[in-house]
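Taking it in order: structure first as structure tokens, then the write-up.
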Amino acid sequence: MDSEPVVVGINRTQDGSVAVARGRSTVYSLQKERLTRRKHHWGRLGDLPNLYLPRMAALREPVDLVVECFSSDDEIKHVDVYHQEVLDTLRFRGEPRIVTMSHHLSHLYSAFPPSPFRAAAGMVIDGQGSPVRDFTESTPGIDEETPPDLLEVSSFYRCERGRPPGCFAKQLWDGDWDRPAGLGCFYYLLTRVMFTGEGSEGKVMGLAPFGNPQAFGLPDLVVDGHRVLIPREWLDVLADRDRFSHFLGGPGSFTDCADLAAEGQRAFETALLEVTAWLHEQTGAQNLAFAGGTALNCSANGRILRESAFDDVFIPPSAHDGGTALGCALYGLMECLGEPSEFRWTDDFLGPDPEPSAVAAAVRAVADDPALVVEQPADLATAAAELLDHGYVVAVHQGRSESGPRALGDRSIIGDARHPAMRDFVNFRVKGREWFRPLAPLVLADAAPTIFDVDRPTPFMQLAIDVRPEHRDALPAITHVDGTARIQTVESSNTPFLHALLTAFRDRTGCPVLINTSLNGKGDPLTETPEDSIACLTGTQMHALVMPPFLIRKPGATPVPRDWTP
Ligand SMILES: [Fe+2]
């Protein structure tokens, strides 16, 4: 190939997304929700020309190949129309080529090729993926006799660099909600009985430590090798919507909800660890690459790392469906074009390159706003650290946006982890969310093992780690009720501004920890543009926004009192 190959990956399902792999190591990835401002927005016809193309310059380059993935909804029935949209929108180098791939395989390509491993076991577990009729991979025991409507709910692979991964087992489900199956379905039902809206699984996970994991005396899930079934006792409880209606405005109690969350989380973790043990037994692999919606469960992930027989675990920052576009792009590059990929997911700043003048233009637009003052401090990190030490809440907007759901420093809200009222203030007055939701910490990587029970970098906030008991009282804003925190270790190599900010804060206060939560207001996805971030500043009660080289403050804003209550 004369010039760098360009492959576009498109995810047409939940958390619609697009990705571009250019050459061996350049990757872009962007979720639809960031553009439409509607969380978990599903991919639909029209997204490519109307949303992604204007925003992502990489899509305007000549393309060698497009790879699409669908899931279990009906959009794949319209695949011809989608293909036509691709042909009408993108400019191909040579004969247009469009490939479709099945859902779990796209998750797998988002997890193993970008991992640091030479070889690994691969595990994909989500609610429901492609039906058998749409599979683009072969699996022993699944053939033309297999009913074509069965859906994949988990898939297991042997992975080695230089050869395509081999799927050796899948759990299939007939889609009958009277007999749901698999860990993804279980957690979906657990979430749905207590909360509305898509993507509320994190609320259940945050709620679980407030409850008693044995309160209802429910059995473990049934695990048979890689298959997970949900006992009738569980299904009966999960159907009792009145009892667990506390967060839905009904008569149910908080205690019942917390107990159910705790018991469900226990059952989920126990079953996941059993499946993981089975996978290790089957493969003998040292390492695990894990993706699918269930891989966002930080408490379970922490237990896999600590308790499973795998030495190391890689979970892509976009483990959910939003990451499958990237999986499509890498699959196309490696398996369809036969090109190597040297992309390793070492940071998650995969959003479009920012327009050079965009920040200045957004700042100019608010220059006359009397509610804001714009400054250009000589040392932005030190100026922000000073504000944080005084009890102000400071957002950071810089560079390319995060591809996954966790803000990792380019679209973040930062606060003082030592402040006794900071978690409540951020939850109530900035994020507009439930009081029990934990906030995650940033920590300087070299200080992490002293404060947290961790022995390796964890840069993506995917693992719930114990805060060492002697540090819990000093860090009330990030220590959850069970003594854990979902930490992000910070190094100058992949997050230089955060490292400078944390270092300035540590030098000033002695504390190498800060709160980091996603830059968005109530119910919104992560901000994408400078205008989004300024709107978030003005629409919430946070105090300042760092948007290099600018510091935008609200003049006269008072810091959060240490005895502040909602
Ligand atoms: Fe999925």
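As the structure lists them, so they are numbered: ligands from 1, and atoms in each ligand from 1. Basis for what follows: all heavy atoms, side chains included, without hydrogens, waters or symmetry-related copies.
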The Fe ion (ligand 1) reached by His104 (N, O or S, under 2.8 Å): no
Heteroatom N/O/S of His320 within less than 2.8 Å of the Fe ion (ligand 1): no
NZ or CZ of Arg161 within 45° of Phe112 ring axis and under 6.0 Å: yes
Which atom of Asp321 approaches the Fe ion (ligand 1) most closely (N/O/S): OD1
Candidate pair Asn301 and Val313, rule side-chain contact (heavy atoms from CB on, under 4.5 Å), full reasoning: CA-CA 9 Å; Asn301 294 343; Val313 181; over 6 Å; no
His107 vs Asp126 side-chain heavy atoms within contact, under 4.5 Å: yes
Angle, NE2 of His107 through the Fe ion (ligand 1) to OD2 of Asp126 - 10° precision: 100°
Within 6.0 angstrom of Arg38 CZ, more than 12 heavy atoms from elsewhere: no
